[in-house]
Amino acid sequence: MNLILLGPPGAGKGTQATALCERHGLLHLSTGDMLRAAVARGDELGRKAKEIMDAGKLMPDSLMVAMIEQRISQPDCKAGFVLDGFPRTVPQAEALDMMLAEKGLKLHAIIELCVDEAVLLDRIRKRIEESGDAKRTDDSEETLKKRLEVYREQTAPILPYYKAQGKLAQVDGMQDIDNVSRQIENILNSAGGRPPRAGVAPGP
Ligand code: AMP
């Protein structure tokens, strides 16, 4: 089973992806984590990623597509994966469709975590308070606001792209973690036919 979790920064994609992978034995593929690993290594990619991430902007599509293509070609991805943070632009979504088709792989579901921006700001403030020295360098209110703007402008257009394919399902990401997990499981359990819909939040 191959899944995509979509939603703005702070929507809970990472938390839900981790839980989903534990429940279903899938691999969690987070492009943000891959980039943070590069930043920690301090190589050329890491230096570039740090600058872009701290500014709340997006890395170039070609680089991110190559990173994911390389990763999903590894044998461990055969068990299935959850994409978290990719795709983030329509060209990335198109490139993903092409690479999956070439590999004979399918997306089982694309799940959008729908949340309120005011709640996101609160969540990020909390994440900053709780993380102390381990805080992500892109966890600041200013960066979050920029990331939300980038999400609206560059990532949200993915939603109609997947909706047109009849693959987009939405959950109410304002609920607590267990409730969001239950909504996601309902989507995964629902048999084909109509596009699944578990949440209450309206579509884009
Ligand atoms: P995340 O942990 O998914 O919120 O990602 C943190 C940052 O990494 C983002 O704000 C972007 O700067 C960068 N990033 C992660 N994934 C992508 C992607 N698919 N395309 C472009 N930039 C990305």
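Just follow the structure's listing: the first ligand is 1, and inside any ligand the first atom is 1. The figures here come from the full heavy-atom set of this structure, side chains too, leaving out hydrogens, waters and symmetry mates.
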Taking only Lys NZ, Arg NE, NH1 and NH2, and the carboxylate oxygens of Asp or Glu, determine whether Glu149 and Lys146 approach each other closer than 4.0 Å. yes
Looking at Asp43 and Lys48, does any basic side-chain N land under 4.0 Å from a carboxylate oxygen? no
Determine whether the side chain, the backbone, both or neither of Leu58 has a heavy atom under 4.0 Å from any heavy atom of ligand 1. both
Lys13 and ligand 1 - part of the residue with a heavy-atom distance under 4.0 Å: neither
So is there a nitrogen or oxygen of [X] less than 3.5 Å from a nitrogen or oxygen in ligand 1?
X     : value
Asp84 : no
Arg36 : yes
Phe86 : no

Between Ala93 and Pro87, what is the shortest heavy-atom contact and its length? N-CB, 3.5 Å
Val171 versus Leu113, closest heavy-atom pair with distance: CG2-CD2, 3.1 Å
Side chains of Glu22 and His28: closer than 4.5 Å at any heavy-atom pair? no
Looking at Lys103, I'd like to know if its NZ atom is crowded, meaning that more than 12 non-hydrogen atoms belonging to other residues, nucleotides or ligands lie closer than 6.0 Å. yes
Near Thr31, which atoms of ligand 1 are under 4.0 Å from a heavy atom of that residue? 15 (C), 16 (N), 17 (C), 19 (N)
Nearest non-hydrogen contact to atom 9 (C) of ligand 1 from the set Gln92, Arg88, Met59 belongs to Arg88
